[in-house]
Amino acid sequence: MSQSRPDEFKAPPECPVFEPSWEEFGDPYTFINKIRPIAEKTGICKVRPPPGWQPPFACDVDRLHFVPRIQRLNELEAQTRVKLNFLDQIAKFWDLQGCTLKIPHVERKILDLYTLNKLVADEGGFDIVCRDRRWTKIALQMGFAPGKAVGSHLRGHYERILYPYNLFQSGANLLCYAGNGVSNVSCCLAEKEIPILVKQEPVESKEPIIEADKSKSRYKKIIPTVDLVVCLVCGSGGDEDRLLLCDGCDDSYHTFCLIPPLHDVPKGDWRCPKCLAQECSKPHEGFGFEQASRDYSLRAFGQMADAFKSDYFNMPVHMVPTELVEKEFWRLVGAIDEDVTVEYGADIASKEFGSGFPIPNGKFKVSPADEKYLKCGWNLNNLAMMKPSVLTHVTADICGMTLPWLYVGMCFSSFCWHIEDHWSYSINYLHWGEPKTWYGAPGFAAEQLEEVMKKLAPELFESQPDLLHQLVTIMNPNTLMAHGVPIYRTNQCAGEFVITFPRAYHSGFNQGFNFAEAVNFCTVDWMPLGRQCVDHYRMLHRYNVFSHDEMVCNMASKADTLNMVLASAVHKDMLIMIREEQQQREKVKKMVGRSSAKYDHLQDDERQCIKCKTTCYLSAVTCSCSPGILVCLHHISDLCSCPITSYTLNYRYTLDDLFPMMNAVKQRAELYDEWASRVTETLEAKLEKKKSLPVFRALIVESESKLFPDNDLLRRLRLVTQDAEKCSSVAQQLLNGKRQTRFRCGSEKSRSQLTVEELSSFVRQLYNLSCSLPQAPLLKELLNRIEDFQQHSEKVLADELPSIAEIQSLLDVSFDFDVELPELPRLRVRLEQARWLEAVQQASAQPATLSLETMRRLIDQGVGLSPHPSVEKAMARLQEQLTVSEHWEDKASSLLKARPPHSIETLRAVADKTSGIPAYLPNCLLLKDTIRKAQEWLQEAEELQASGSVLMVDSLSDMVLRGQAIQVHLEPLDKLESLMAEVQEWKESAATTFLHKDSTVTLLEVLCPRCEVGNAGSPKRKVKKGKESLKSNKKKTPRLNTLSDVEKALSETKDSTSAMATLEELRVREMEAFSNLRAANESKLLPTADCMNLKVCVCQKAPMGAMLQCELCRDAFHSVCVKDLSDSCETRPWLCPQCHRSEKPPLNKALSLLTSLRHIGVRLPEGDALHYLVERTINWQQRAQQISQSCNLPELEERPGTPPTLTCCVSDSDDWSRTSHTQTVFYTEQRCIPLQGLSWDLDELIVEGLLLQVSLPEVQSLYHVLLDRTSSWHTNTDCDKQIISFHFKAKRRLETEGLDAERRVKNKKPSHKRQKMNKKNLQRRPTSTSSSPRSDFSQSDDSEEEIAVCPAERCQQPEGDEVDWVQCDGSCNQWFHQACVGVTPEMAEKEDYICVRCTLNDGHTRK
């Protein structure tokens, strides 16, 4: 948006706009009286009729012809007209000097000669400005930019144009004549040459040229050659070419004798100084509007007006914004170089052409729907003469006052500042057309507006004192507002009324072609102003439109028809009139000789005072010398030159006639006056004389009962009563504490309470009311209590550390005051501050709980508090403590996170510094705890080193882990970490040596004897659990059921000896378990009738086709399932995947690993296991040599193996692997050591050799020896007796029993199987030395001794609090230790168990 120019017009504020309802619109005078208190403050107001009120336009358009006024816009404005008058005088001066005035331009703007002349005069004149070098100052005052040497240009223009005129004005150019000749005055000026022709500066655009008379010819005066013509100044006739002859009086003057001297002879007519003074001293004619030379019809004027506006703004008339027209109007009014002329059809008599409103019996035919407008009060033909208007008592029809005037406007046509005749009301209605813009000033500012205009344009008022009454002068509202005059504006649109109030100056202009109608009216409240206006007119010597005294007398003569208010007003007016008339008559009667009362036949214009122009109605003074001339009693001395005693006093009424008229009005108004006096007395009562509120109510009720008119006094009484009632209600609510008056303010905040200032003001208002209220003293007491509260609050607030309880008590007291107390927010703030300070104090008193978060929270809370010295001090201390705490917290955190960690001495130094900080610092506490842990760890490491014992790997690992978790540099930790790394490296080396690639078992599991033995594919057995007979007094040994139990037991041992004992125990269990497992797996592969139900191999399917039998666990595997393993060396015994658990390195590698572990000096379970494995291996080698020697075996050394014998099982084969099912055939791909006839020592030796996780040549040799020589051994030797072929025994039993075994009905199993509860008292059978497991056992259940003995071939005699037993489900029904027959509790619980004997004898298969 473009920025407005400094001189751009700024619209004044809007005046009130009223939109009455139909009910309010019914009576115009009642509505105007209602809005008068508001509207008279702005001087003008606008009234919008209710929607639907649209009177028809009744004017005869074809008959309406008028001659408009011509208005030149820049001549309307007072200040602009002064400038134009000044330019006219300058132009006339130079025209009489024979020169044409051309106004120069400065800085591309036309030079304001009036302002330049005025500023130079204000500075003391041309000489003083030049002497003090004030031209730059004057240039700045005229609005020119500094620094462009404009001052020198202004001086030159002033010196050429204005200086000669000012010399003429001051009389300095007049010549003095002495003696017979003329003496030259100011010879120094004679030498000064000032050119007459004003040089015009070059400009880019056209410049205004003011010429005095363009028709005149320019010539040079020819001086006669005779020396009869001489210069009147110097008396010489010489220098004839420089001698000028005046065109007015024919006097002669030398050009150099003039003041100022002329540089050259003028080319036009020239006047001497005397003639110039005579011409310029002629009085100016009064300014007024010219009448246009053309008579317009309404249609023709409209066409002209629309064409002008559309051409001027270059757009359709209806599209020109009103704001643009308004700004352009005031710009043109103030422009001296732009001459825009418009025409205005103003003051057209409606009586001649017809009103715009319909009238009864008029030429305009009114439709039945519009007949209501004929008698409507807002019809301007009716409004002025309605009964409430006092103008109804004026006998004559006054055109423009009681008869409406019509106004036809065009764009820029204006009505100048004026007030209505007799300061009456006016109402204007715009029938149709474009808006009319109004400006108004309230009546109380009328004299102020007049003073401002006289101050700003004194030249105009000197020639026309009553200029403002001529309606020819306008002044910019912005100028008036700048001088403190309140101005308001409005845009009156078609169908709207504008009302002006008494003595309210108003002006305006038309936005375009429109038609308006206006009329005056006067109400009762106007009457005092009407008499004041008559006195004002007398001072201005202005004619009266009607006689105010005549109107009052007419009303008094009809006193019985007046209402009480009007009668009272007339009575008051008559009192003033009669008092003044009586005084003047008594004064005149003393001077004049005779009196007469016979001039009532004269018209108003024939009885006007020749001095003051006022209408003489009651009396006048005449003289016989001047018939028809009279004066008012105030100007008796201005009548004529005859003696006053010859004057005649003329009067219409005697005083005796006037008093009865006044008394009649008085009687009519007496009742009302008595009531009015009581109301006035009641309203103006002071202090104790004030009446109570019921008295006011009674006065209102009396006015209503006696039908007193609704005038200002009654409205004031009602207003005071209403205020008192409101104040009484509010006061009572304040006393009750229930005032809840809510309202919205501009900031959208609701308020429900008075402030203390408002309460104090309210109390003052109660005491200033015209009535007394009983609540006033009570509120005064409440106010005193509030003031005491405020004083106490200020005292508490002034304390640096106030008590929380004291503040809270004040807040509690404030609840009794339904007043907005400014101290309450401060008290609440102070309470928050005190609570915060207390919280800070409490937190500081408990350093153990004063965390950083607490300090930050307190600081955040403190930041939100209002500033206070105590808060700021506490904040500073808290912030300082927080800063220190955060510093050491960060320091401790950085120390704890440092890599590499710091030494304990560094940490201890920091911890010592933080010990004095009174706050809870987690990192600092963690630092101290870290130091403590480091000290404990160092002490433990020192004790461990001092003990000299071998470290357990768990202890070492625990020490290392704990040391690594401590964020301190610990010197022993490096050594321990190095030692731990060596241990880890050793474990990796051992794992590489022993474990298969991608092995699922651990190194410890490979090195230790097995604690869990059994094939995944073995069928499970039902448990037959026997309870212990008696609790043993022996100490219960730990159960080593899992690898974790073994590892835990090894870790808890204090030395290697204990570890060896534990592993030895585990080895025994391993041997027993494998013995039972081998027997069980061997027994299930015997020929049976139902071999298809067997589940073997890793796939848990029946044996079929090519099979492999593990040499260790004796279970069978399909070649296809374990073909990868079957591709191993054929000279070695074949082991199944579960038995072949490691790489079985040579013994020397194991010894090397053991040696390297001893060098490390750390005990670990894997090391103990390896140690035991080496010892076990060595022991086995020794035993193998012993058994080899005792049994006459060949030297156990590695030999080349023999290929396996492939056995094909057919229906009649005697091979042990043959099944009894003729449709199922399987065979073994390799030879195995038969268990039948194999001694227990050799069986145990080969089993343990296969269990060793190192590779020994003796194992291979033993395997081949047993494989090759078993079939050729005899029974005559001791060893041969012990080698009984289980294979042949089984074969014979199968042959002898034949098919009977197959047809045998299976015996029914006992429902309850016996359990052996007490093992301690039962006698155990001695271990059999027979190698055959097939001894006969008694099946008698009555023999306690037999029941207590486990019939297993190698009974392990298990001990413990609880021994698990299992009963055979075959034909023998004997009880076996579960551990002795390789049955787990789960297998015994879920599967049937059949012993080997029953399997061979009865042909049963386990399921």
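Everything quoted here is computed from the prediction, not taken from an experiment.
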List the atom of G862, the atom of M875, and the distance in Å for their closest heavy-atom pair.
CA-SD, 3.7 Å
Would you say Q448's side chain and G484's backbone share a donor-acceptor pair under 3.5 angstrom?
yes
Exercise: identify the closest heavy-atom pair between R830 and S870:
NH2-OG, 3.6 Å
Would you confirm whether T42, through its side chain, and I44, through its main-chain N or O, come within 3.5 Å as a donor-acceptor pair?
yes
Heavy-atom side-chain contact between E806 and H792 under 4.5 Å
yes
To the nearest 0.5 Å, what is the distance between CZ (F444) and CG (L449)?
11.5 Å
What are the two closest heavy atoms between K436 and L430, and how far apart are they?
N-CD2, 4.2 Å
Do the side-chain N and O atoms of R678 and T682 include a donor-acceptor pair separated by under 3.5 angstrom?
no
Value rounded to 0.5 Å, distance of NZ in K873 from CG in L837:
11.0 Å
Without hydrogens or angle criteria, can the side chains of Q808 and R835 be said to hold a donor-acceptor pair below 3.5 Å?
yes
Quick one: are Y425 and S389 in side-chain contact, heavy atoms under 4.5 Å?
no
So, the side chain of S705 versus the backbone of V701: is there a donor-acceptor pair under 3.5 Å, distance only?
yes
With F415 as partner, the option from F509, W438, Y505 fulfilling ring-ring contact (aromatic ring centres under 6.0 Å, His included) is W438
Considering all heavy atoms of both residues, which atom of L858 and which atom of W836 are nearest to each other, and what is their separation?
O-NE1, 2.6 Å
In this structure, CD1 of I576 is separated from NE2 of H571 (nearest 0.5 Å) by 10.5 Å
Applying the side chain to side chain contact (heavy atoms under 4.5 Å, CB included) criterion to L717, which one of T721, L713, L719 satisfies it?
T721
Let me see the working for K691 and F696 under side-chain contact (heavy atoms from CB on, under 4.5 Å), right down to the final yes or no.
CA-CA 8 Å; K691 302 295 190 296; F696 284 74; 4.1 Å; yes
Least distance between heavy atoms, Q511 atom then P321 atom
OE1-O, 4.5 Å
So that I know where these two stand, are Y439 and Y488 an aromatic pair - ring centroids less than 6.0 Å apart?
no
Would a distance-only check, ignoring hydrogens and angles, find a side-chain to backbone donor-acceptor pair under 3.5 Å from S761 to E758?
no
Do W423 side-chain atoms and G443 backbone N/O form a donor-acceptor pair below 3.5 Å?
no
The test is salt bridge (Lys or Arg N to Asp or Glu O under 4.0 Å); show your working for R764 and E757 and say whether it passes.
CA-CA 10 Å; R764 288 195 300 270; E757 292 75 12; over 6 Å; no
Closest non-hydrogen atom pair, P20 against P50:
O-CG, 3.5 Å
Begin from the C-alpha positions of R697 and E725 and carry the test salt bridge (Lys or Arg N to Asp or Glu O under 4.0 Å) through to its verdict.
CA-CA 10 Å; R697 294 178 181 141; E725 288 176 343; 2.9 Å; yes
Can you tell me if Q492 uses its side chain to pair, donor with acceptor, with the backbone of N428 under 3.5 Å?
yes
Side chains of H422 and S424, donor plus acceptor under 3.5 Å
no
Take T30 and K34, measure what side-chain contact (heavy atoms from CB on, under 4.5 Å) needs, and give me the verdict at the end.
CA-CA 6 Å; T30 301; K34 181 179 181 180; 5.7 Å; no
Under the side-chain contact (heavy atoms from CB on, under 4.5 Å) criterion, do L779 and Y767 qualify, and how do the steps go?
CA-CA 11 Å; L779 275 183; Y767 282 96; over 6 Å; no
Flag, side chain of K690 to backbone of L773, donor-acceptor distance under 3.5 Å:
no
Could you tell me how the ring of F521 sits relative to the ring of Y29: parallel (under 30°), tilted (30 to 60°) or perpendicular (over 60°)?
perpendicular
Counting distance only, does the side-chain N/O of S793 pair as donor-acceptor with the main-chain N or O of F789 below 3.5 Å?
yes
Look only at the side chain of S728 and the backbone of A724, and say whether a donor-acceptor pair between them is shorter than 3.5 Å.
no
Check whether any side-chain heavy atom of F501 sits under 4.5 Å from a side-chain heavy atom of L529, and report yes or no.
no
Using distance alone, with no hydrogens and no angle criterion, decide if N491 and T437 have a side-chain donor and acceptor under 3.5 Å apart.
yes
Please assess K454 against E447 for the test salt bridge (Lys or Arg N to Asp or Glu O under 4.0 Å), listing each intermediate value before the final yes or no.
CA-CA 10 Å; K454 289 178 181 178; E447 295 181 0; over 6 Å; no
Once you measure the plane-to-plane angle for F497 and W378, does it fall in the parallel (<30°), tilted (30-60°) or perpendicular (>60°) bin?
tilted
Do S844 side-chain atoms and V840 backbone N/O form a donor-acceptor pair below 3.5 Å?
yes
If you apply the rule side-chain contact (heavy atoms from CB on, under 4.5 Å), what do you find for R715 with N33, and how did you get there?
CA-CA 10 Å; R715 284 194 292 270; N33 284 333; 3.8 Å; yes
Judged by modelled atom types alone, do S851 and T854 share a side-chain donor-acceptor pair under 3.5 Å?
yes
